[in-house]
Amino acid sequence: MTAWSLVYPDYIPAQEGLRETLCALGNGYIVSRACAPDSFADDVHYPGTYLAGGYDRLVSSVGDREIENEDLVNLPNWLPLMLRIGDGEWIGPDSVEQLGYRQELDLKTGVLSRVLRFRDADGRVTRWDERRIVSMHDPHLAAMSVRVTPENWSETLTLRSAIDASVINWGVERYRALEGRHLETLDSRCEESGVISLRTRMVQARHEIALAARNDVKLEGAHIAPARTETLPDMVAQEFEIEAREGRSISISKIAAYFSSKDTATTEPLQEAVAHVQHAPGFHELCQQHVEAWSHLWEQCDIELESTSNDEAQRKLRLHIFHLLQTASAHSVDRDVGVPPRGWHGEAYRGHIMWDELFIFPYLTLRMPFLTRALLGYRFRRLDEARRAAREAGLKGAMFPWMSGSNGREESQRIHLNPRSGRWIPDNTWRQRHIGAAICYNIWEYVEATADRDFLRDFGAELFFEIARFWSSLAQKRPDGRYGIRGVMGPDEFHTAYPGADPETAGGVDNNAYTNLMVSWLLTRAFDVLDLIPSDQRRRLCEKLDLTEDELTRWNEVSRKLFIPIQDDGIIAQFEGYENLKEFPWEEFGEKYGDLQRLDRILEGEGKDPNDYKVSKQADLLMIFYLFSREEIELIFDRLGYEFTPDMIWRNIQYYMERTSHGSTLSWLAHAWVLARADRQRSWQLALKALDSDVGDLQGGTTAEGIHLGAMAGTVDLIQRCYTGLETRSGALMLNPRLPEQVERLVTTVHYRRQILDLEITQERLTVSSRVMTAHPITVTYRGESREMSPGQSFVFVLVPETKPDRNIREHGQRRVREGSTPVQQEEIAP
Ligand code: BGC
């Protein structure tokens with residue numbers, strides 16, 4: 001196994017679900033799970049292929065309630081390919097004795113291979129060599145090439161290749177009680193050319209999906225024609241009969257195309273799909289084009305990490321980049337899609353778009369900024385829906401939903417099933433209004449990194465202002481003269497209401513510190529956004545939005561007077577009243593249950609309520625230290641008129657870490673980040689844990705339902721921005737590397753304001769080299785020393801050694817070198 005591959009040397013049915021997700025192939029348009037082609041949906045296998053943004057709604061009855069859910073629809077399956085020897089049964093992975101098995105996902109080329117040898121009940125041994133791609137070159141195409149070799153038998157072999165629209169959404173066990181049949185088949189047929197095809201339509205969205213496939217079967221170079229074609233209402237299959245001989249291989253290539261009625265530059269999807277497979281080249285050429293497309297992506301996106309954990313960390317890092325690029329790629333642009341927290345790899349969270357963008361965009365922005373721009377467009381197009389939601393709640397501006405799908409209405413479920421207790425319980429997660437703050441943060445970070453003022457002028461500012469307006473209308477004056485925000489949830493999903501309160505009628509908590517600090521920040525930033533747009537455009541936008549001086553005055557006032565629940569000991573309460581909650585008996589529950597990640601489910605199972613305790617699912621207040629440097633936090637506190645001392649950061653980290661169950665994969669990541677300078681050892685341990693969250697299935701089964709893209713992209717960003725101390729702030733690229741001791745060398749490339757910079761970092765040195773091109777100079781800063789950098793230039797900074805941990809956390813580029821401390825040394829390398 002190299003640092004470029006994921007290899008499974010054996011077949012373990014219990015791990016199939018996990019591997020199907022981890023080895024899923026995709027291209028930003030579709031993602032197809034790495035299911036055995038001769039398997040069906042059962043407790044071991046789950047064939048699933050999904051279209052980016054392919055949602056449909058169905059109504060289900062739960063008890064006496066009718067609930068409507070919008071799902072990411074499982075598309076017709078392109079994979080089915082199975083064989084039968086003589087008069088025997090159709091062979092499936094679990095009906096034969098596996099003699100040898102190797103599955104490999106090559107991350108460099110995006111090719112999945114499965115090589116297996118099996119013996120059937122009659123002692124016949126067969127070898128199966130399979131390679132599979134989902135083309136990164138042509139987003140509509142998926143292809144598979146299989147060589148079947150009889151090792152000790154000669155008999156008639158029947159091969160059956162099908163496309164199957166009888167699939168339903170069934171991938172997440174706890175959703176199985178809900179309706180899952182989203183597709184109706186409108187047409188199934190076989191063309192004269194031999195291309196088989198299906199035309200389906202989503203029941204509610206009326207979104208059509210066509211799938212066509214071409215099968216080429218050869219024995220020693222000679223084409224074999226199908227012996228029969230079966231055209232059923234939901235499936236079309238071709239069967240090939242071959243006189244197989246011992247030692248002689250039969251080759252099959254299956255090339256499939258998906259088209260949707262929402263595709264651009266197309267006519268009717270079935271016609272497009274059929275024509276596409278007819279004209280597609282053979283597997284070999286398709287594979288070459290695909291490999292080239294991947295090599296172009298890796299040129300732009302790789303990170304080289306040399307660490308004492310050998311290839312392990314490097315491989316996982318690449319796996320994370322790989323899945324990120326399969327979820328959002330150039331093929332996603334113009335498709336009106338967002339970026340989902342579980343990838344398009346499974347059905348968890350129904351493919352909806354959540355705040356995880358906050359963890360995903362930074363890496364994309366510094367590599368392929370056009371992608372972040374396009375993905376922010378997903379939010380802009382749903383601005384009216386968010387305005388409507390705010391209006392209906394009696395508020396102003398735009399209230400974005402916690403979970404967003406097709407048209408941007410709130411898709412969060414109102415009840416969910418606790419698989420532990422089997423009970424349906426109220427789901428209050430929609431109260432996470434902080435999603436709106438995350439959108440503002442994403443807009444600002446994108447603009448800082450790209451200086452793309454056109455984006456701000458044309459879309460970003462309107463989005464930003466409408467969200468700012470929403471927060472300002474939600475904030476209410478308190479008797480003490482400050483403003484408060486009530487009835488919300490912070491990122492910690494364990495706190496949905498106050499103890500004893502009915503979460504349905506009196507849900508949420510008041511003055512979640514993370515939310516209020518974010519709101520103060522964004523209301524302040526709104527003025528910078530105003531300054532950045534040209535004056536005539538600013539006037540037009542203010543007129544369009546009816547944004548008056550009075551309203552701006554209120555934004556300013558709210559940004560200065562929001563209430564933050566700071567305790568006397570400097571601990572910032574997660575929300576107002578948090579201090580009255582009970583401490584949680586960690587030891588007792590640890591002994592009883594072992595794994596406490598999902599304490600909410602454990603407690604509910606015991607008839608208890610996490611709302612009663614000081615327990616968090618994930619970083620909540622600490623997210624502030626994740627998102628902002630110390631200087632920025634000081635500015636926020638200063639504006640709010642609260643005293644802030646640097647030691648508060650370390651004390652709060654310690655306080656909340658002891659009370660967190662890490663029930664979200666985002667939690668290890670966020671904690672690794674905030675500890676990066678204060679406790680490098682612990683930070684690296686948590687980083688390794690976050691890197692392992694999917695590969696090691698650390699949540700015990702959730703990866704089979706989809707990757708955790710927030711944690712995946714976040715770990716890549718942790719390496720790229722946190723350990724390098726990289727910030728895009730105040731018009732400069734600030735760097736202040738502090739690698740974990742276990743990391744010897746890090747090589748990464750970032751796009752910053754049109755320049756492409758190669759960064760090489762060791763424990764001693766930082767080398768920044770700007771590639772030759774035409775672009776304006778930029779400012780690069782290392783610990784307060786600024787350099788103007790033009791394309792073609794390189795600088796080496798000798799890193800200032802730090803002898804003790806920085807418990808003030810993320811002290812970044814702007815710090816001036818203090819008198820008497822080791823001066824920053826720089827040398828310029830001739831281009
Ligand atoms: C976390 C959320 C996150 C979601 C999707 C949940 O477990 O609590 O913060 O947005 O997963 O990743």
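Whatever order the structure lists them in is the order used to number ligands and atoms, beginning at 1. Keep in mind that what you see is a predicted model, and the values were worked out from it rather than measured.
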Positive for salt bridge (charged side-chain N to carboxylate O under 4.0 Å, His left out) with E493, one of K617, R431, R598: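 The option that passes is K617.
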Tell me whether the rings of F575 and Y498 are parallel (<30°), tilted (30 to 60°) or perpendicular (>60°).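 Plane angle over 60°, so perpendicular.
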Parallel, tilted or perpendicular: which one describes the rings of F584 and F589, with boundaries at 30° and 60°?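 It falls in the tilted class, 30° to 60°.
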Under-4.0 Å heavy-atom contact with ligand 1, by part of [X] that carries it:
X    : value
Q618 : side chain
H708 : neither
T665 : neither

Suppose I only count heavy atoms of [X] and a 4.0 Å limit; which atoms of ligand 1 are within that range?
X    : answer
L666 : 3 (C), 9 (O)
M354 : 4 (C), 10 (O)
P341 : 5 (C), 12 (O)

Hey, is R659 close enough to E583 for a salt bridge, meaning N to O under 4.0 Å?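 Yes.
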Salt bridge or not between R388 and E385? Use side-chain N to carboxylate O under 4.0 Å.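 Looking at E385 together with R388, the answer is yes, because their closest N to O distance falls below 4.0 Å.
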Return the residue, atom name and 0.1 Å-rounded distance of the protein heavy atom closest to [atom].
atom                    : result
atom 10 (O) of ligand 1 : D356 OD1, 2.7 Å
atom 7 (O) of ligand 1  : K617 NZ, 2.8 Å
atom 6 (C) of ligand 1  : Y349 OH, 3.1 Å

Check each of Q699, R174, H345 against E705 using the side-chain hydrogen bond (donor to acceptor under 3.5 Å, both in side chains) test, and report the only one that passes.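 Output: one option passes, namely R174.
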So for ligand 1, is W355 a polar contact partner (N or O within less than 3.5 Å, distance only)?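 Yes - when backbone and side-chain N and O of W355 are compared with those of ligand 1, one distance drops under 3.5 Å.
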Does H352 have its ring centroid less than 6.0 Å away from the ring centroid of Y55?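 Aromatic pair counts; centres sit under 6.0 Å.
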